[in-house]
Amino acid sequence: MKQKIGKWLSILLPILLGLLLVIYTYNKFTPQQLEEIKLQFKNADYFYIYISLLISAVALWSRGYRWKYTLEHLGYQPKISTNVMAVCIGYFINMSIPRSGEVSRALILKKYEDVPFDKSFGTIIAERVVDTFFLLSFIGLAFFLEFDVLKAFVLDKIPFQKLMLILGIGTTLLIGVILMFRYSKFKLIQTIKQKISGLMDGVFSIWKMEKKWAFLFHSLLIWASYFFMFYITIFALPETSNLSLSTVVISFIVGGLAITLTNSGFGAYPFLMAEILLLYNVPETAGTAFGWLVWTSQTLMVVLLGTLSFLLLPILNKNK
(Lines give C-alpha, C1' and ligand atoms only; values in the text may rest on other atoms or scores of the structure.)
Protein backbone atom coordinates (compact mmCIF):
# COMPACT_ATOMS: atom_id res chain seq x y z
CA MET A 1 0.00 0.00 0.00
CA LYS A 2 2.80 2.42 0.96
CA GLN A 3 4.62 1.62 -2.28
CA LYS A 4 1.50 2.43 -4.33
CA ILE A 5 1.03 5.72 -2.48
CA GLY A 6 4.69 6.62 -3.03
CA LYS A 7 4.42 5.75 -6.72
CA TRP A 8 1.36 7.94 -7.25
CA LEU A 9 2.91 10.80 -5.29
CA SER A 10 6.02 10.63 -7.48
CA ILE A 11 3.75 10.99 -10.52
CA LEU A 12 1.26 13.55 -9.24
CA LEU A 13 3.48 15.94 -7.27
CA PRO A 14 5.67 17.04 -10.24
CA ILE A 15 2.54 17.41 -12.40
CA LEU A 16 0.82 19.43 -9.66
CA LEU A 17 3.88 21.65 -9.30
CA GLY A 18 3.94 22.18 -13.06
CA LEU A 19 0.25 23.08 -13.13
CA LEU A 20 0.71 25.57 -10.28
CA LEU A 21 3.57 27.22 -12.18
CA VAL A 22 1.44 27.38 -15.34
CA ILE A 23 -1.48 28.95 -13.42
CA TYR A 24 0.86 31.39 -11.65
CA THR A 25 2.50 32.42 -14.93
CA TYR A 26 -0.86 32.85 -16.65
CA ASN A 27 -2.38 34.93 -13.86
CA LYS A 28 0.54 37.33 -13.50
CA PHE A 29 0.17 38.58 -17.09
CA THR A 30 -2.38 41.17 -18.13
CA PRO A 31 -4.75 40.37 -21.03
CA GLN A 32 -2.62 42.62 -23.24
CA GLN A 33 0.56 40.70 -22.30
CA LEU A 34 -1.16 37.38 -23.00
CA GLU A 35 -2.04 38.69 -26.46
CA GLU A 36 1.62 39.61 -26.96
CA ILE A 37 2.65 36.04 -26.11
CA LYS A 38 0.08 34.66 -28.57
CA LEU A 39 1.39 36.97 -31.29
CA GLN A 40 4.96 35.83 -30.60
CA PHE A 41 3.85 32.22 -31.05
CA LYS A 42 2.06 33.16 -34.26
CA ASN A 43 4.92 35.20 -35.72
CA ALA A 44 7.80 32.94 -34.63
CA ASP A 45 10.12 31.68 -37.36
CA TYR A 46 9.42 27.95 -37.13
CA PHE A 47 12.20 27.12 -39.59
CA TYR A 48 14.63 27.30 -36.65
CA ILE A 49 12.34 25.16 -34.51
CA TYR A 50 12.36 22.45 -37.20
CA ILE A 51 16.16 22.60 -37.41
CA SER A 52 16.38 22.24 -33.62
CA LEU A 53 14.12 19.17 -33.77
CA LEU A 54 16.38 17.62 -36.40
CA ILE A 55 19.43 18.21 -34.18
CA SER A 56 17.55 16.77 -31.21
CA ALA A 57 16.78 13.63 -33.25
CA VAL A 58 20.52 13.28 -33.92
CA ALA A 59 21.12 13.35 -30.15
CA LEU A 60 18.53 10.60 -29.60
CA TRP A 61 20.10 8.44 -32.31
CA SER A 62 23.59 9.06 -30.93
CA ARG A 63 22.49 8.10 -27.42
CA GLY A 64 21.09 4.81 -28.71
CA TYR A 65 24.21 4.19 -30.79
CA ARG A 66 26.55 5.02 -27.87
CA TRP A 67 24.78 2.44 -25.75
CA LYS A 68 26.04 -0.35 -27.97
CA TYR A 69 29.64 0.21 -26.86
CA THR A 70 29.00 -0.45 -23.17
CA LEU A 71 26.79 -3.43 -24.03
CA GLU A 72 29.40 -4.89 -26.41
CA HIS A 73 31.95 -4.58 -23.62
CA LEU A 74 29.74 -6.92 -21.59
CA GLY A 75 29.37 -9.36 -24.49
CA TYR A 76 25.94 -8.34 -25.84
CA GLN A 77 25.12 -7.05 -29.33
CA PRO A 78 21.53 -5.78 -29.51
CA LYS A 79 20.25 -4.13 -32.68
CA ILE A 80 20.88 -0.41 -32.94
CA SER A 81 17.23 0.14 -33.85
CA THR A 82 16.15 -1.47 -30.58
CA ASN A 83 18.57 0.71 -28.63
CA VAL A 84 17.32 3.90 -30.27
CA MET A 85 13.64 3.04 -29.82
CA ALA A 86 14.30 2.10 -26.18
CA VAL A 87 15.86 5.52 -25.68
CA CYS A 88 12.84 7.24 -27.29
CA ILE A 89 10.45 5.29 -25.07
CA GLY A 90 12.59 6.10 -22.04
CA TYR A 91 12.32 9.83 -22.71
CA PHE A 92 8.58 9.45 -23.24
CA ILE A 93 8.09 7.61 -19.94
CA ASN A 94 10.24 10.14 -18.07
CA MET A 95 7.44 12.63 -18.73
CA SER A 96 5.27 10.79 -16.20
CA ILE A 97 7.71 9.60 -13.53
CA PRO A 98 11.10 11.34 -13.41
CA ARG A 99 14.03 8.96 -14.16
CA SER A 100 11.68 5.98 -14.74
CA GLY A 101 12.76 5.91 -18.38
CA GLU A 102 16.07 4.31 -17.41
CA VAL A 103 14.21 1.31 -16.00
CA SER A 104 12.06 1.02 -19.13
CA ARG A 105 15.17 1.02 -21.36
CA ALA A 106 16.62 -1.94 -19.47
CA LEU A 107 13.28 -3.78 -19.54
CA ILE A 108 12.97 -3.32 -23.31
CA LEU A 109 16.41 -4.79 -23.91
CA LYS A 110 15.54 -7.70 -21.63
CA LYS A 111 12.35 -8.38 -23.58
CA TYR A 112 13.57 -7.94 -27.16
CA GLU A 113 17.33 -8.60 -27.02
CA ASP A 114 17.68 -11.02 -24.06
CA VAL A 115 20.08 -8.70 -22.25
CA PRO A 116 19.85 -9.26 -18.46
CA PHE A 117 18.15 -6.35 -16.73
CA ASP A 118 20.92 -5.75 -14.18
CA LYS A 119 23.59 -5.68 -16.89
CA SER A 120 21.84 -3.18 -19.16
CA PHE A 121 20.68 -1.05 -16.21
CA GLY A 122 24.27 -0.87 -14.98
CA THR A 123 25.40 0.48 -18.36
CA ILE A 124 22.62 3.09 -18.25
CA ILE A 125 23.73 4.28 -14.81
CA ALA A 126 27.32 4.48 -16.06
CA GLU A 127 26.09 6.60 -18.98
CA ARG A 128 24.24 8.89 -16.60
CA VAL A 129 27.39 9.44 -14.56
CA VAL A 130 29.25 10.44 -17.72
CA ASP A 131 26.35 12.73 -18.73
CA THR A 132 26.43 14.31 -15.26
CA PHE A 133 30.10 15.13 -15.83
CA PHE A 134 29.21 16.96 -19.05
CA LEU A 135 26.35 18.81 -17.32
CA LEU A 136 28.67 19.89 -14.49
CA SER A 137 31.19 21.03 -17.09
CA PHE A 138 28.55 23.29 -18.65
CA ILE A 139 27.61 24.59 -15.20
CA GLY A 140 31.27 25.35 -14.48
CA LEU A 141 31.56 27.18 -17.81
CA ALA A 142 28.41 29.14 -17.04
CA PHE A 143 29.73 30.25 -13.64
CA PHE A 144 33.02 31.26 -15.24
CA LEU A 145 31.34 33.31 -17.97
CA GLU A 146 28.54 34.92 -15.97
CA PHE A 147 29.54 34.79 -12.29
CA ASP A 148 28.48 38.37 -11.49
CA VAL A 149 25.07 37.97 -13.12
CA LEU A 150 24.42 34.65 -11.38
CA LYS A 151 25.51 36.04 -8.01
CA ALA A 152 23.13 38.98 -8.41
CA PHE A 153 20.32 36.61 -9.45
CA VAL A 154 20.81 34.29 -6.44
CA LEU A 155 21.15 37.14 -3.94
CA ASP A 156 18.04 38.79 -5.39
CA LYS A 157 16.02 35.62 -4.77
CA ILE A 158 17.69 34.52 -1.51
CA PRO A 159 18.98 37.07 1.10
CA PHE A 160 22.72 36.74 1.80
CA GLN A 161 22.25 35.69 5.44
CA LYS A 162 19.76 32.98 4.52
CA LEU A 163 22.07 31.80 1.71
CA MET A 164 24.97 31.48 4.18
CA LEU A 165 22.70 29.56 6.56
CA ILE A 166 21.69 27.17 3.75
CA LEU A 167 25.32 26.67 2.73
CA GLY A 168 26.31 26.07 6.36
CA ILE A 169 23.58 23.47 6.89
CA GLY A 170 24.37 21.82 3.57
CA THR A 171 28.10 21.63 4.34
CA THR A 172 27.42 20.18 7.80
CA LEU A 173 25.08 17.53 6.37
CA LEU A 174 27.60 16.66 3.67
CA ILE A 175 30.40 16.19 6.21
CA GLY A 176 28.06 14.10 8.37
CA VAL A 177 27.13 11.85 5.43
CA ILE A 178 30.81 11.39 4.48
CA LEU A 179 31.78 10.49 8.07
CA MET A 180 28.83 8.12 8.36
CA PHE A 181 29.78 6.32 5.15
CA ARG A 182 33.42 6.23 6.20
CA TYR A 183 33.04 4.84 9.70
CA SER A 184 29.51 3.40 10.09
CA LYS A 185 29.17 -0.38 10.52
CA PHE A 186 25.41 -0.50 9.93
CA LYS A 187 24.45 -3.22 7.47
CA LEU A 188 22.39 -0.82 5.34
CA ILE A 189 25.31 1.61 5.02
CA GLN A 190 27.67 -1.24 4.12
CA THR A 191 25.23 -2.43 1.45
CA ILE A 192 24.98 1.07 -0.03
CA LYS A 193 28.78 1.36 -0.04
CA GLN A 194 29.01 -1.91 -1.96
CA LYS A 195 26.44 -0.69 -4.50
CA ILE A 196 28.33 2.59 -4.96
CA SER A 197 31.59 0.68 -5.32
CA GLY A 198 30.03 -1.52 -7.99
CA LEU A 199 28.67 1.53 -9.77
CA MET A 200 32.08 3.20 -9.81
CA ASP A 201 33.59 -0.01 -11.17
CA GLY A 202 31.07 0.16 -13.98
CA VAL A 203 31.93 3.78 -14.69
CA PHE A 204 35.69 3.18 -14.68
CA SER A 205 35.18 0.15 -16.91
CA ILE A 206 34.37 2.64 -19.68
CA TRP A 207 38.10 3.36 -19.85
CA LYS A 208 38.77 -0.34 -20.32
CA MET A 209 36.46 -0.63 -23.31
CA GLU A 210 38.01 -1.42 -26.64
CA LYS A 211 36.01 1.41 -28.24
CA LYS A 212 36.17 3.96 -25.42
CA TRP A 213 37.10 6.80 -27.78
CA ALA A 214 34.04 6.11 -29.91
CA PHE A 215 31.96 6.16 -26.73
CA LEU A 216 33.44 9.52 -25.73
CA PHE A 217 32.93 10.88 -29.27
CA HIS A 218 29.22 10.08 -29.08
CA SER A 219 29.06 11.61 -25.60
CA LEU A 220 30.47 14.82 -27.06
CA LEU A 221 28.08 14.59 -30.02
CA ILE A 222 25.09 14.15 -27.71
CA TRP A 223 25.90 17.21 -25.61
CA ALA A 224 26.93 19.30 -28.59
CA SER A 225 23.58 18.41 -30.16
CA TYR A 226 21.73 19.38 -26.97
CA PHE A 227 23.47 22.75 -26.91
CA PHE A 228 23.06 23.58 -30.61
CA MET A 229 19.47 22.35 -30.53
CA PHE A 230 18.84 25.02 -27.89
CA TYR A 231 21.07 27.64 -29.52
CA ILE A 232 19.35 27.51 -32.90
CA THR A 233 15.95 28.22 -31.32
CA ILE A 234 16.98 31.70 -30.14
CA PHE A 235 16.61 32.87 -33.75
CA ALA A 236 12.91 31.95 -33.78
CA LEU A 237 12.02 35.20 -31.96
CA PRO A 238 13.42 38.70 -32.65
CA GLU A 239 13.70 39.40 -28.90
CA THR A 240 16.07 36.45 -28.34
CA SER A 241 17.94 36.42 -31.64
CA ASN A 242 20.74 38.71 -30.39
CA LEU A 243 21.58 36.85 -27.19
CA SER A 244 25.29 36.47 -26.49
CA LEU A 245 26.92 33.05 -26.34
CA SER A 246 27.43 33.30 -22.57
CA THR A 247 23.73 34.12 -22.12
CA VAL A 248 22.79 31.10 -24.23
CA VAL A 249 25.04 28.88 -22.08
CA ILE A 250 23.38 30.13 -18.88
CA SER A 251 19.89 29.68 -20.31
CA PHE A 252 20.78 26.21 -21.59
CA ILE A 253 21.92 25.15 -18.11
CA VAL A 254 18.79 26.53 -16.43
CA GLY A 255 16.60 24.68 -18.93
CA GLY A 256 18.61 21.48 -18.53
CA LEU A 257 18.25 21.58 -14.74
CA ALA A 258 14.51 22.24 -15.05
CA ILE A 259 14.13 19.12 -17.20
CA THR A 260 16.45 17.00 -15.03
CA LEU A 261 14.82 17.87 -11.70
CA THR A 262 11.18 17.60 -12.84
CA ASN A 263 9.16 15.36 -15.12
CA SER A 264 10.58 16.80 -18.34
CA GLY A 265 10.25 20.43 -17.25
CA PHE A 266 6.45 20.78 -17.44
CA GLY A 267 5.63 24.30 -16.21
CA ALA A 268 9.09 24.77 -14.72
CA TYR A 269 10.98 25.11 -18.02
CA PRO A 270 9.08 28.14 -19.44
CA PHE A 271 8.90 29.79 -16.00
CA LEU A 272 12.65 29.52 -15.31
CA MET A 273 13.55 30.42 -18.89
CA ALA A 274 11.58 33.67 -18.59
CA GLU A 275 13.21 34.42 -15.22
CA ILE A 276 16.79 33.93 -16.45
CA LEU A 277 16.26 35.81 -19.73
CA LEU A 278 14.74 38.71 -17.80
CA LEU A 279 18.21 39.27 -16.32
CA TYR A 280 19.45 39.95 -19.84
CA ASN A 281 16.70 42.48 -20.63
CA VAL A 282 14.53 40.08 -22.61
CA PRO A 283 10.88 41.04 -21.92
CA GLU A 284 9.10 38.54 -19.70
CA THR A 285 6.45 37.93 -22.34
CA ALA A 286 9.11 37.08 -24.93
CA GLY A 287 11.03 34.90 -22.45
CA THR A 288 7.85 33.01 -21.58
CA ALA A 289 6.95 32.54 -25.25
CA PHE A 290 10.48 31.35 -25.98
CA GLY A 291 10.38 28.84 -23.11
CA TRP A 292 7.04 27.43 -24.24
CA LEU A 293 8.22 27.23 -27.87
CA VAL A 294 11.29 25.20 -26.97
CA TRP A 295 9.55 22.99 -24.43
CA THR A 296 6.42 22.33 -26.51
CA SER A 297 8.31 21.47 -29.70
CA GLN A 298 10.72 19.12 -27.97
CA THR A 299 7.93 17.49 -25.95
CA LEU A 300 5.80 16.87 -29.04
CA MET A 301 8.76 15.23 -30.75
CA VAL A 302 9.38 12.97 -27.74
CA VAL A 303 5.70 12.01 -27.64
CA LEU A 304 5.69 11.27 -31.38
CA LEU A 305 8.92 9.24 -31.42
CA GLY A 306 8.04 7.47 -28.17
CA THR A 307 4.62 6.46 -29.49
CA LEU A 308 6.07 5.27 -32.82
CA SER A 309 8.67 3.23 -30.96
CA PHE A 310 5.97 1.61 -28.81
CA LEU A 311 4.14 0.60 -31.97
CA LEU A 312 7.15 -0.46 -34.05
CA LEU A 313 9.06 -2.53 -31.50
CA PRO A 314 6.56 -5.44 -31.37
CA ILE A 315 6.13 -5.32 -35.15
CA LEU A 316 9.86 -5.48 -35.82
CA ASN A 317 10.29 -8.24 -33.21
CA LYS A 318 7.35 -10.53 -33.95
CA ASN A 319 9.35 -13.57 -32.92
CA LYS A 320 9.65 -12.13 -29.40
Do Thr123 and Tyr69 come within less than 4.5 Å of each other through their side chains, counting heavy atoms only? no

Answer yes if Phe271 and Leu34 sit in the same cluster of Ile, Leu, Val, Met, Phe, Trp and Tyr residues linked by side chain heavy atoms under 4.5 Å apart, and no otherwise. yes

Ring centres under 6.0 angstrom apart (His218, Trp61): yes

Indicate yes or no: at least one non-hydrogen side-chain atom of Phe92 is less than 4.5 angstrom from one of Val302. yes

Side-chain contact, heavy-atom cut-off 4.5 Å: Leu135 with Ile253? yes

To the nearest 0.5 Å, tell me how far Met301 CE sits from Leu53 CG. 6.0 Å

Got more than 12 heavy atoms from elsewhere within 6.0 Å of OH, Tyr46? yes

Once ring pair (Phe, Tyr, Trp, His ring centres under 6.0 Å) is applied, do any residues pair with Phe215, and if so which ones, sequence neighbours excluded? none

To the closest 0.5 Å, what do you measure between CE (Met85) and CG (Leu311)? 11.0 Å

Rounding to 0.5 Å, atoms OG (Ser241) and CG (Asp45) come to a distance of 10.0 Å

Interatomic spacing from CG in Leu243 to OH in Tyr280 - rounded to 0.5 Å: 9.5 Å

What pair of heavy atoms forms the shortest contact from Ile37 to Ala289, and how long is it? CG2-CB, 4.1 Å

Minimal heavy-atom distance between Ile55 and Phe228, with the atoms involved, is CD1-O, 4.0 Å

Is there a path of hydrophobic side-chain contacts, each under 4.5 Å between heavy atoms of I, L, V, M, F, W or Y residues, that connects Leu312 with Val84? yes

Measure the CG-CH2 distance between Leu216 and Trp213 for me, rounded to the nearest 0.5 Å. 6.0 Å

Using a 6.0 Å cut-off, check whether atom NZ of Lys119 has over 12 heavy atoms from anything other than its own residue. no

Do Leu278 and Ile234 land in one hydrophobic cluster if side-chain heavy atoms of ILVMFWY residues count as linked below 4.5 Å? no

Please determine whether residues Tyr65 and Leu54 belong to a single hydrophobic cluster, defined as Ile, Leu, Val, Met, Phe, Trp and Tyr linked transitively by side-chain heavy-atom distances below 4.5 Å. no

Mind checking whether Met273 and Thr240 have side chains closer than 4.5 Å, heavy atoms only? no

Once the angle between the rings of Phe227 and Phe138 is folded into 0 to 90°, is it parallel (under 30°), tilted (30 to 60°) or perpendicular (over 60°)? parallel

Can you find a pair of side-chain heavy atoms, one from Pro116 and one from Tyr76, that are under 4.5 Å apart? yes

Under a 3.5 Å cutoff, is there a donor and acceptor pairing between the side chains of Lys111 and Asn317? no

Can we say Glu102 and Arg105 salt-bridge, meaning some charged N sits less than 4.0 Å from an Asp/Glu carboxylate O? no

Could you tell me if the side chain of Glu72 sits less than 4.5 Å from the side chain of Gln77, heavy atoms only? yes

For the OH atom on Tyr50, are there more than 12 heavy atoms of other groups (residues, nucleotides or ligands in this structure) within a distance under 6.0 Å? no

Looking only at heavy atoms, which two atoms of Thr82 and Glu113 are closest? And how far apart? OG1-OE2, 2.9 Å

Closest heavy-atom pair and its distance - Leu109, Ser120: CD2-CB, 4.3 Å

When you group the ILVMFWY residues by side-chain heavy-atom contacts below 4.5 Å and let the links chain together, are Phe310 and Val303 in the same group? yes

Of all heavy-atom pairs linking Thr285 and Gln40, the shortest is O-OE1, 3.2 Å

Are any side-chain N or O atoms of Ser62 and backbone N or O atoms of Ala59, one a donor and one an acceptor, separated by less than 3.5 Å? no

Could you state the interatomic distance from CZ (Phe252) to CD1 (Ile276), rounded to the nearest 0.5 Å? 14.0 Å

State whether the side chain of Thr296 and the backbone N or O of Leu293 hold a donor-acceptor pair below 3.5 Å, judged by distance alone. no

Any chance you could lay out the side chain to side chain contact (heavy atoms under 4.5 Å, CB included) test for Leu313 and Ile89, step after step, and finish with the verdict? CA-CA 10 Å; Leu313 266 175; Ile89 291 172; 3.6 Å; yes

Is a side-chain donor or acceptor of Thr172 paired with a backbone partner of Gly168 at a separation under 3.5 angstrom? yes

Keeping Ser52 on the side-chain end and Ile49 on the backbone end, is there a donor-acceptor pair under 3.5 Å? yes

Working for side chain to side chain contact (heavy atoms under 4.5 Å, CB included), residues Glu127 and Thr70: CA-CA 9 Å; Glu127 285 182 6; Thr70 49; 4.1 Å; yes

Kindly assign one of parallel, tilted or perpendicular to the pair Tyr226 and Trp223, based on the angle between their ring planes and the thresholds 30° and 60°. perpendicular

I need the minimum non-hydrogen distance between Gly255 and Tyr269, along with the two atoms involved. CA-CE1, 3.3 Å

